[in-house]
Amino acid sequence: MRKTFDAELLELNAGLMDMSAAAEDAIDVVTASFSDGDRQRALSAIEATRSMDRMERDIEDHCLRLLLRQQPVARDLRTISAALKMVTDLRRIGDQCANIAEISLLLQQKQQGETLEDICTMSRKAAVMVKGAISAYVERDAEAARGVIAQDDEVDALFAQVKGELAGRIAAQSGAGDRAIDLAIIAKYLERIADHGVNIARWAIFCVTGELVPEDPAE
């Protein structure tokens with residue numbers, strides 16, 4: 001019975017890794033779409049995030065089957081409950097990537113292609129955080145998860161820098177307002193993606209230790 005349960009847990013981990021990979025790919029694609037003005041990439045990002053809704057349902061169904069058919073001990077219950085929480089964050093990452101892609105398409109229609117380098121850096125860091133958080137969960141590595149949480153300060157600092165740069169553009173160029181607002185929204189979505197990475201890391205720590213790291217009140 002335990003062997004069957006352990007095999008089911010491995011399958012659950014594989015599903016989470018697949019969904020995490022989809023989220024990371026979506027972040028990479030939307031970064032490319034707004035940095036190089038590639039309309040096809042933006043459209044493919046929107047399409048790819050739709051598959052994450054199905055992944056979320058499949059993982060939720062898997063978790064419920066484990067709870068109903070097996071007799072999980074306390075640690076197993078933490079693993080399953082953490083997975084249920086994490087898929088919600090991963091799906092929201094997909095939603096935010098789709099929103100970024102839609103803004104990217106709008107900017108392309110306006111033929112406004114310039115993008116702040118700090119936004120691209122934010123995107124790369126957010127992708128690393130999401131991947132690291134899921135890896136920490138699968139490997140049951142609480143220290144790695146805490147490292148992910150610490151990285152959030154870097155993304156927050158970049159977001160503050162982006163807001164300052166965009167405010168400067170608006171002050172210097174009378175026609176820069178609309179584009180600056182669009183870029184600020186993209187940056188905010190990326191900040192939220194990083195926050196979801198933090199949430200996933202918090203649940204990874206809970207899975208290993210039973211400790212739920214409190215949320216940062218600033219988030």
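When a residue number appears, it is its place in the shown sequence, counting from 1.
- In this structure the side chain of His196 never reaches within 4.5 angstrom of the side chain of Met129, judged on heavy atoms.
- For the pair Arg78 (side chain) and Phe206 (backbone), a donor-acceptor distance under 3.5 Å is present.
- The shortest distance between side-chain heavy atoms of Ile186 and Leu190 falls below 4.5 Å.
- Using a 4.5 Å cut-off on side-chain heavy atoms (C-beta onward), Tyr189 and Val30 make no contact.
- With respect to the salt-bridge test (charged N to carboxylate O, under 4.0 angstrom), the residues Arg50 and Glu56 do not qualify.
- Linking Ile, Leu, Val, Met, Phe, Trp and Tyr residues whenever their side-chain heavy atoms come within less than 4.5 Å places Met19 and Met17 in a single cluster.
- Ile205 and Leu77 fall within the same hydrophobic cluster, defined by Ile, Leu, Val, Met, Phe, Trp and Tyr side-chain heavy atoms under 4.5 Å apart, directly or through other members.
- Rounding to the nearest 0.5 angstrom, the gap separating the CD atom in Gln96 from the NZ atom in Lys188 is 10.0 Å.
- The existence of a salt bridge linking Glu60 and Arg57 is excluded, since no basic side-chain nitrogen approaches an acidic carboxylate oxygen closer than 4.0 Å.
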Test Asp152 against Asp195 for side-chain contact (heavy atoms from CB on, under 4.5 Å), laying out the working first.
CA-CA 7 Å; Asp152 193 46; Asp195 288 342; 3.4 Å; yes
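- Here the side chains of Ile100 and Ile193 are in contact, with some heavy-atom distance below 4.5 Å.
- Atom CE in Met86 sits 8.5 Å away from atom SG in Cys63 (nearest 0.5 Å).
- Taking 4.0 Å as the cut-off between side-chain N and carboxylate O, Asp95 and Arg92 do not count as a salt-bridged pair.
- Looking at Tyr137 and Val208, their side chains never come closer than 4.5 Å, going by heavy atoms from C-beta outward.
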Please step through side-chain contact (heavy atoms from CB on, under 4.5 Å) for the pair Glu47 and Leu43, ending with a clear verdict.
CA-CA 6 Å; Glu47 184 61 34; Leu43 292 171; over 6 Å; no
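- Between Thr49 and Ile93, the closest side-chain pair of non-hydrogen atoms is not below 4.5 Å.
- Across Ala136 and Ala204, no two heavy atoms sit closer than the pair C-CB, 4.2 Å.
- Applying the salt bridge (Lys or Arg N to Asp or Glu O under 4.0 Å) definition to pairs two or more places apart or across chains, those involving residues 118-131 are Glu117-Arg124, Lys125-Glu154.
- Between Ala126 and Ala194, the shortest heavy-atom distance links the atoms CB-N, 4.2 Å.
- At a threshold of 4.5 Å between non-hydrogen side-chain atoms, the residues Asp89 and Val130 do not count as touching.
- Here CG of Leu106 is found 5.5 Å from CG of Asp182. Values are rounded to the nearest 0.5 Å.
- Looking at Leu66 and Leu12, their side chains come closer than 4.5 Å, going by heavy atoms from C-beta outward.
- Applying the side-chain hydrogen bond (donor to acceptor under 3.5 Å, both in side chains) test to Lys85 and every residue at least two apart in sequence or in another chain returns nothing.
- Placement of Ile103 and Val29 in two distinct hydrophobic clusters is found when ILVMFWY residues are connected by side-chain heavy-atom separations under 4.5 Å, directly or transitively.
- There is a path of hydrophobic side-chain contacts, each under 4.5 Å, that joins Ile185 to Leu158.
- In plain terms, the two heavy atoms of Val148 and Ala133 that are nearest each other are CG2-N, 3.7 Å.
- At a threshold of 4.5 Å between side-chain heavy atoms, the hydrophobic network of Ile, Leu, Val, Met, Phe, Trp and Tyr places Leu9 and Ile59 in one connected group.
- With values rounded to the nearest 0.5 angstrom, Asp25 atom CG is found 10.0 Å from Ser44 atom OG.
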